[in-house]
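Just so you know, these numbers use all the heavy atoms, side chains as well, and skip hydrogens, waters and symmetry mates. These figures come from a predicted structure and were not determined experimentally.
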Amino acid sequence: MDSLPLLADHPYASFLDQVEKPARYAGGEVGSVVKDWASVEARVCLAFPDVYDIGMSHLGFKILYKLLNDDPRTLAERCYTPWVDMEAQLVKRGLPLVSLESARPLRDFDVVGFSLQFELTYSNILTMLHLGGVPLRAADRGEDDPIVIAGGPTATHPEPIAPFLDAIVIGDGEEKATEVALAWARLKREGVPRRERLAAIARLGAVYVPSLYATRLDPDTGFEVVDRPLASGIPFPIERALVDLNRYPFPDESPTGGPEAIFDRMSIEIARGCTEGCRFCQAGMIYRPVRERDPEQIVDTVMRAVQRSGQDEVSLTALSTADVSCISPLIKKVTERLTAERISLGVSSLRAYGLEPDLLDELKRVRATGLTFAPEAGTQRMRDVVNKNVTEEQLLETAERVFSRGWGKMKLYFMIGLPTETDEDVRGIVETGARAAGAGRRAAGKGKPVDVTVSVSTHVPKPHTPFQWAAMDTLGEVGRKQQLLKDTVRPYRAVTLKTHEAHASVLEGIFARGDRPLADVLERAWRRGARFDSWEDKLDLAVWEEAFTHVGVDRAKYLGTLPVTARLPWDHIDVGLEEGFLAKEYRKALQSRLSPPCGKVAGMFVHHTNVDDAKADARRLVCYDCGVACDMTQMREERLTFLDRLGAHRRSLPVLTDAAAAPPAAAAPPAAAAPPAAAAPPAAAAGPSGARAPKGRGGFRYRFRFEKAGPMALLGHLDVVRELPRVLRRVGAPMTYTAGFHPKPDMTFSPALSLGVISLDEYVDLRLERDLDPAALDALVAAMSAASPRGLVFSGAVKLGPEDPSLSKLIAGARYALAFARSAIGGDAEALLAARCSAALSAASLPIRREIDRLAKMVDVRQYLVRAEVGGPEVHAALARAGLVGDLVALEVEVDIRGSGAVKSSEVAAVITGEPGEAPGAITPPPHRAVRLQLFGRTSPAGSAAGERFSLFDLERARRVKPAPERTPALPLAADAE
């Protein structure tokens with residue numbers, strides 16, 4: 001049954017409690033932008049075809065979201081694929097899928113733009129279109145329907161999804177997103193017919209409009225290929241868009257918060273493209289040439305992003321960060337700035353030979369979150385086949401350096417199913433991991449932990465790569481090789497082997513090299529329930545088997561060896577590579593021949609890390625004339641400029657000291673990292689004497705009071721705990737941290753609330769580095785509210801002394817308002833509830849069954865229930881303040897909270913209002929909403945209801961409270977206990 005709405009005017013408000021992670025659909029995160037629809041020319045919905053938790057980490061979304069919202073002519077809102085439980089609710093209720101910012105259906109936007117990151121998300125695109133009120137197929141859309149557009153790496157081979165898309169942006173989307181949105185909206189206002197609008201969009205360049213092209217069958221493969229345009233002036237082939245990254249600085253602000261994202265960190269793109277030329281890697285081919293962001297811009301972006309987001313982890317990302325020309329001095333510069341902020345640094349996609357000793361030392365200083373490497377193949381011959389320019393010696397040297405500096409774990413990524421692979425190459429994967437573990441064990445020293453994880457996936461031949469013509473291993477062959485890996489790893493205790501389900505890889509391979517007839521297979525599978533196919537536990541192979549059979553599509557033709565001379569379903573997409581380049585690289589692979597990295601001197605594995613060495617090396621840079629026309633002179637000059645800007649003029653010898661290796665002590669943030677004046681409270685940085693906290697767990701203790709309503713009431717307790725340090729970082733109020741290798745902000749919260757319970761009286765005790773006078777503390781409270789997500793409001797703070805008891809020793813009880821719709825109670829609601837309250841208080845026991853993690857136990861609510869009565873005007877005023885309005889009747893209840901247990905508001909509601917005579921395990925209250933009105937202490941010992949209640953801010957009385965033993969057995973306090 002539906003509850004009272006938590007979010008005013010939101011179409012999902014009454015049933016969000018019934019779905020998993022309801023905050024996925026609520027919006028209101030810090031950094032989200034809500035613009036007036038009437039003030040813009042074009043409205044864009046950025047639609048990510050996966051769940052919120054994954055989409056929130058996507059870099060392309062962050063770039064486009066800021067670009068579109070920074071332009072006064074456009075707005076961008078977000079939408080993610082609803083999880084299966086929410087989809088069921090929307091279908092059941094006939095409600096549309098809506099955006100996070102304004103809760104408008106997808107059909108109301110001018111543009112719905114999808115990100116094509118992975119072939120197995122295609123079924124989710126159909127889900128979002130259907131739920132959003134947009135016709136599935138482009139051919140069925142009318143004059144008023146939005147244009148459905150897509151971009152991303154998979155957009156370079158889009159034929160299986162093409163019939164569902166109006167247009168597809170090829171290449172970089174920074175310029176095209178705004179251009180297409182404005183052009184489409186303008187033409188629509190002018191009354192131009194839809195087909196003519198699409199032709200105009202196609203003529204903008206770098207935009208593929210599938211409906212404007214004819215197809216034919218290729219006799220060599222049986223594939224349906226794109227043959228020619230159907231209108232004049234339509235480009236053929238379609239060339240990609242390419243932008244100068246430094247004209248589009250990476251955003252330093254984006255939506256942050258809500259349910260924890262899969263990659264819960266601030267990721268910063270430092271380069272696009274790659275010099276290495278791995279023959280299996282599509283991104284390395286389609287994103288050429290390498291474009292590096294200005295390092296000064298990167299450092300500034302990192303520091304602004306940390307302050308504005310409040311994140312405690314930063315990741316520098318590129319296809320191969322170790323091959324960014326100034327990566328060593330860049331990491332040093334970033335770590336200098338992050339160390340004092342206690343911000344962790346992650347560096348993605350490191351190559352095994354990309355870490356110099358001093359670079360590892362820098363990563364150690366900022367608690368780097370993990371070290372992963374991708375040798376890709378287990379023997380040198382196979383590494384030459386795939387053009388992975390790394391030797392066994394370099395990999396083992398890196399393992400020694402990693403484990404000698406105190407890391408206990410190292411992760412290695414490999415693939416099976418590569419062209420020309422033998423069983424010796426497969427066994428070599430595990431043996432390479434074992435040799436790395438051995439080198440690490442010797443370097444770490446006796447008794448130190450050494451764990452090497454070998455993660456093995458299945459190679460999928462991708463379009464626009466030298467391996468696009470290669471066959472994919474059959475399921476049977478993949479299974480045989482995985483068993484060979486498992487047999488080989490048994491003797492090696494220090495090696496952990498992880499393999500991946502191959503059925504999904506086969507489906508990925510079919511759609512990667514697929515043509516338009518697969519659109520019918522996709523729609524059939526979707527209509528029969530295909531959802532979240534990239535999730536191993538959601539992929540339903542039977543549905544796909546039936547769809548292929550029903551449509552009559554032969555899967556084998558997509559997975560076998562393809563003729564190099566044949567026309568392919570993606571040949572009409574020009575990603576900038578010279579004709580014949582990929583075929584030449586394919587032939588070299590079959591001969592186990594390497595192609596050294598382009599853009600480097602032959603024989604070099606990493607770039608020079610200082611100006612002197614770079615200037616002294618006058619050798620020519622390698623170039624294969626792949627078609628992207630790199631300017632090698634400009635590339636060399638740019639690298640010198642970047643090194644000069646970072647101050648990397650001469651080679652420096654690494655020095656590793658105990659101090660350098662230890663976690664940094666708390667320190668004041670550098671001046672450049674200070675928040676803007678408007679964001680910081682007037683005196684938040686220092687107290688009247690400017691006193692600093694002592695080191696370690698010293699600091700200055702404060703108790704903050706806050707409210708959580710609306711979207712914040714839909715967040716779990718751990719999400720709220722994650723949010724508070726972010727708020728303090730945004731306003732420039734440094735916290736002190738716990739001791740240990742992984743220090744955490746030193747804070748203690750009041751008892752957790754169940755999901756969906758509003759609170760007007762929450763508390764947290766924490767330690768700040770600065771001594772704040774009352775005026776500065778009030779200013780800090782106001783600044784924190786301004787820097788918080790919607791629904792989180794700070795209402796006060798007091799400074800604590802060493803004698804003040806902690807919250808856990810002080811809190812003795814809570815008052816709740818339980819609000820019911822009058823219609824749900826019926827009759828004389830007040831009289832009925834009054835009688836139920838009297839009966840509950842007269843009962844000797846009020847048992848109810850509680851389940852936690854599938855374990856059940858009986859709880860006697862009566863042991864905790866102190867008072868229950870019908871609420872008066874004060875309670876109704878509090879409900880209105882909490883956002884609950886309408887014809888309501890309320891109960892006011894008071895319960896004990898003990899150090900070892902408590903009862904939930906829902907359990908109190910159940911035993912008072914549930915139908916008399918129901919079994920304890922089946923008691924269900926009418927739909928209601930709970931509001932925690934007050935947490936308090938008592939002048940009597942904890943566990944006693946006899947004393948007078950007092951505010952947790954009343955420190956004078958709090959100091960007189962003495963803890964006492966529990967008077968009755970109590971329930972262990974669970975994570976969601978109240």
May I ask you to test the [X]-[Y] pair for a side-chain heavy-atom distance under 4.5 Å?
| X | Y | answer |
| --- | --- | --- |
| L952 | L935 | yes |
| L768 | M735 | yes |
| D85 | Q89 | no |
| Y12 | V19 | no |
| T121 | F48 | no |
| I343 | Q311 | no |
| S806 | T748 | no |
| E769 | Y737 | no |

Closest non-hydrogen atom pair, [X] against [Y]:
| X | Y | answer |
| --- | --- | --- |
| V757 | A713 | O-CB, 3.8 Å |
| L879 | A890 | CD1-CB, 3.8 Å |
| T913 | P925 | OG1-CB, 3.4 Å |
| S267 | T317 | CB-CG2, 4.1 Å |
| R730 | P789 | NH1-CD, 4.4 Å |
| L846 | A840 | CD1-O, 3.7 Å |

Between the side chains of [X] and [Y], does any donor sit under 3.5 Å from an acceptor?
| X | Y | value |
| --- | --- | --- |
| E101 | Y65 | yes |
| S795 | R705 | yes |
| S906 | H928 | no |
| T256 | R726 | no |

What's the separation between atom [atom1] in [X] and atom [atom2] in [Y], rounded to the nearest 0.5 Å?
| X | Y | atom1 | atom2 | value |
| --- | --- | --- | --- | --- |
| E907 | D860 | CD | CG | 11.0 Å |
| S759 | L933 | OG | CG | 8.5 Å |
| L714 | D17 | CG | CG | 6.5 Å |
| I811 | S750 | CD1 | OG | 5.0 Å |
| S788 | E29 | OG | CD | 13.5 Å |
| E894 | R949 | CD | CZ | 4.5 Å |

### Query
When you measure from the centre of the six-membered ring of F61, is the NZ or CZ of R78 under 6.0 Å away and within 45° of the axis?
no
### Message
Cation-pi check for Y864 against R898: NZ or CZ below 6.0 Å from the six-membered ring centre and within 45 degrees of the axis, yes or no?
### Response
yes
Should the pair [X]-[Y] be classified as a salt bridge under the 4.0 Å nitrogen-to-oxygen rule?
| X | Y | result |
| --- | --- | --- |
| K744 | D312 | no |
| K35 | E77 | no |
| D804 | R703 | no |
| D761 | R815 | no |
| R24 | D53 | yes |
| R531 | E87 | yes |

### Task
Go through the steps for R929 and L6 under the test side-chain contact (heavy atoms from CB on, under 4.5 Å), then give the verdict.
CA-CA 8 Å; R929 181 68 62 193; L6 260 177; 3.6 Å; yes
Crowding at [atom1], [X] (>12 non-hydrogen neighbours, <6.0 Å):
| X | atom1 | result |
| --- | --- | --- |
| K799 | NZ | yes |
| H130 | NE2 | no |
| E536 | CD | no |
| E501 | CD | yes |

#### Entry: Any donor-acceptor N/O pair, R265 side chain to S315 backbone, under 3.5 Å
no
### Task
Please confirm whether the backbone N or O of F794 pairs with a side-chain atom of S785, one donor and one acceptor, at under 3.5 Å?
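Side chain of S785 to backbone of F794, a donor-acceptor pair under 3.5 Å: yes, one is there.
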### Query
Angle class for the F749/F706 ring planes (parallel below 30°, perpendicular above 60°, tilted otherwise)?
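Ring orientation, 0 to 90° scale: perpendicular.
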### Query
Is the gap between the ring centers of Y25 and Y52 under 6.0 Å?
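Not close enough - the centres of the two rings lie 6.0 Å or further apart.
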### Query
Is the W83-F532 ring centre distance short of 6.0 angstrom?
yes
### Task
List the steps and the verdict of side-chain contact (heavy atoms from CB on, under 4.5 Å) for L753 and I758.
CA-CA 8 Å; L753 286 167; I758 301 169; over 6 Å; no
### Task
Please lay out, stage by stage, how Y816 and V908 fare under the test side-chain contact (heavy atoms from CB on, under 4.5 Å).
CA-CA 10 Å; Y816 290 89; V908 176; over 6 Å; no
### Task
Begin with the C-alpha distance, continue with both residues' side-chain angles, and end with the deciding distance and a verdict on side-chain contact (heavy atoms from CB on, under 4.5 Å) for F704 and L780.
CA-CA 10 Å; F704 286 82; L780 177 59; 3.9 Å; yes
### Task
Could you walk me through whether R867 and E892 pass salt bridge (charged side-chain N to carboxylate O under 4.0 Å, His left out), step by step?
CA-CA 8 Å; R867 184 167 58 90; E892 182 182 0; 3.4 Å; yes
